[in-house]
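Below is one structure, written out as structure tokens; the observations come after it.
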Amino acid sequence: MNPHSVGEPSRSRQQNTVGEPSRSRHQNPVGETSRSRQQIRVRMAPSPTGFLHIGSARTALFNWLFARHHSGTFILRIDDTDAARSTDESMREIYDSLRWLGLDWDEGGEKGGPHAPYVQSERRDIYETHVQRLLESGHAYPCYCTQEELDAIRAHSRAEKQNRAYDGRCRHLTSVDKEHLAAKGRKPTVRIKMPDEPIRVVDIVLGTRDIDPGTLEDEVIVRSNGMPSYNLTSIIDDAEMQITHVIRGTEHLNNTPKQIAIANALGLNVPQFAHIPLVLDNTGRKLSKRHHGELVAVSRYREEGYLPEAMLNFVARLGWSFDDKQEIFSVEELIEKFDLARVGKSGSVFDIKKLDWLNTHYIGELDISARTDVVMPFWEKAGFDVAAEPRERLESIVTAVGERLTKLQDIIPQTGYFFTAPSEYEPKAVKKWWKKDALDILTALGAVLAAVEPFELETVESVIWQYTEEHNIKRVVAMQTLRIALTGTSFGPSLFDILVLLGRDEVLTRIQKAIQFLQ
RNA sequence: GGCGCUAUCGUCUAGGGGUCAGGACGGAUGGUUCUCAGCCAUCAAACCGGGGUUCGAAUCCCCGUAGCGCUACCA
């Protein structure tokens, strides 16, 4: 094989204009060049071993945006070759999270398509055929080493400061050796022979490198139980499904030359690669299920009341930026503006504060009706009897709450008192505002509010201001005193809104209750 | 241990030979207001280090350093 062609994308230069590694920003947006109507095909290939991870969601988004931007195809493939860890439940959760985010796929998942099946455990015959060819052509060989032997080899290699763990010893097994080992009941794995020539990895975000094959070890491509492994299935499916661009996390960078070697040995097309930087926690480590658990589950953010628009916008800006001014991007803008050439190389820390800011923004963009709709499940889940409430009142409550929602679940502590009287008064608030004159204020205000006619915004407001003026009481004192009596807390929406929403009877009842408490 | 990747305010980032190194989140202060939130204004805050190249380097080159990733019969 010509060493110079090793690892080169097999499609012609012409067609490769899309996603060409152009590091100079402010140039032609990638893909907008002359022809390049090469049908872009990208995929997201999660392993169904738990919830959808934030990092995977971003990978999905980048793939999806790239596909949508170029009118390409976005494929969802399920990489479940690790049978022990894969579950159907996880698969469903991943579909669910993806749908919630609005990342629809054109092929794969439950949808099917021309390259079905899209679940790797159902594609074993395809892999077997390829492995057979590899074995026959001498590109792969059986390895009879046991786990213990491998551990020992590894330990030795490390002690000797070798740059690869496995030394390829089973490459030289004779057929007699093999029979002998097999007779002892050993089930072999299959390993791919790494080539002697450098492997060229072309990466759209990281650039092109030539990898020294001396650092690569003969990878296991079929386990001893007959199950093919990731590096094999991934590259075969990418070729079979005619994937043009593999956009995935940088943790896969070291797998890339191995996969290219497999593809080359099989004579398969090699897609272009784009390794996107990792999403990190605030200590700079990769976000992982292992270390961060639920914190990295997309479903958790959904449950807390983050909007998909906010999640998408937030995650899009992790490792990607458009210019020096824009932070808020609608999904449409993301599709229009997304460009692999503007993806950075270094990892990005997941900053929940910024997500919160975005979420507040997107909640604020919802009109009252939509905001009420979206908040409803949270009320229901918290056990509020919203069904009994007129829609109009619910919307008024949402209006009163206004911008005070960071997450939808904040609606609960913010509006509980609209549904039931406070069972207790916040001690800190009481201490600060319910001084010795509180009783007088409450009593007087109660009388005033009992008499005001009609019980509406303007009238209530004027009558309260009239009271504070006549008795020379600071507005803030009167208002806070009353607020605590009605809501149990010292903060919240305009008190006049609260007064009117509660209605005269309820207000008077609560004032009475507070008076009793103070006595 | 090996291999690889990366490096601009606390964080996300713009800039990529000549900029007061810009914006945003977060923070601080002040204003608006019945509180909180919001909004407005102001402020603090960064080019990992060292050498080159150059009239001039955050930007190009080299060498360090640090962090991270991978190092499975996981993906």
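Chain A is the first sequence line, chain B the second, and so forth, proteins listed ahead of strands; every chain is numbered from 1. Computed from a prediction, not measured in an experiment: that's the story for all the values here.
Using modelled atom types and a 3.5 Å distance limit, the side chains of Arg483(A) and Gln480(A) yield a donor-acceptor pair.
Among the candidates Ile511(A), Val477(A), Ile498(A), the single residue satisfying the side-chain contact (heavy atoms from CB on, under 4.5 Å) test with Leu482(A) is Ile511(A). Each of Phe350(A), Phe329(A), Tyr301(A), Tyr306(A) was evaluated against Phe314(A); a single residue qualifies, Phe350(A), per the ring-ring contact (aromatic ring centres under 6.0 Å, His included) test.
Checking G69(B) for Watson-Crick or G-U wobble geometry (two distances, each under 3.5 Å) identifies C3(B) as its partner. Pairing partner, C39(B): G31(B), with both Watson-Crick or wobble hydrogen-bond distances short of 3.5 Å. The partner of U19(B) cannot be assigned: no Watson-Crick or G-U wobble pair with both contacts below 3.5 Å exists in any strand. For A24(B), the paired nucleotide is U11(B), the pair qualifying as Watson-Crick or G-U wobble because both relevant distances are below 3.5 Å. The base-pairing partner of A75(B), taking Watson-Crick or G-U wobble contacts with both distances under 3.5 Å, does not exist among the strands shown. In this structure, C48(B) forms a base pair with G64(B), meeting either the Watson-Crick or the G-U wobble geometry with both donor-acceptor distances under 3.5 Å.
For the pair Thr146(A) and Leu318(A), both in contact range of RNA chain B, the more 5′-proximal nearest nucleotide belongs to Leu318(A). Along RNA chain B, the nucleotide closest to Arg58(A) and the one closest to Ser157(A) are compared, and the more 5′ of them pairs with Ser157(A).
Among the atoms of the strands shown, base atoms are found under 4.0 Å from some heavy atom of Glu327(A).
Comparing the same atom, C1', in A75(B) and in C36(B) gives a spacing of 47 Å after rounding to whole Å. Look at the P atom in both A7(B) and C60(B): the space between them is 10 Å, to the nearest Å. Nucleotides A58(B) and A21(B) have their C1' atoms positioned 8 Å apart, rounded to a whole Å.
For Trp433(A) and C36(B), the CH2 to P distance is 8 Å, given to the nearest whole Å. Rounded to whole Å, atom P of A14(B) lies 6 Å from atom CZ of Arg342(A). Protein atom CZ of Arg248(A) is 16 Å distant from nucleotide atom P of C5(B), rounded to whole Å. Atom P of nucleotide C73(B) and atom CD of Glu149(A) are separated by 13 Å, given to the nearest angstrom.
Between Phe62(A) and His245(A), the distance from one ring center to the other does not fall under 6.0 angstrom.
Set against C34(B), A75(B), C5(B), the side chain of Arg209(A) has C5(B) as its closest nucleotide.
Using modelled atom types, one side-chain atom of Ser348(A) and one backbone atom of Gly319(A) make a donor-acceptor pair closer than 3.5 Å.
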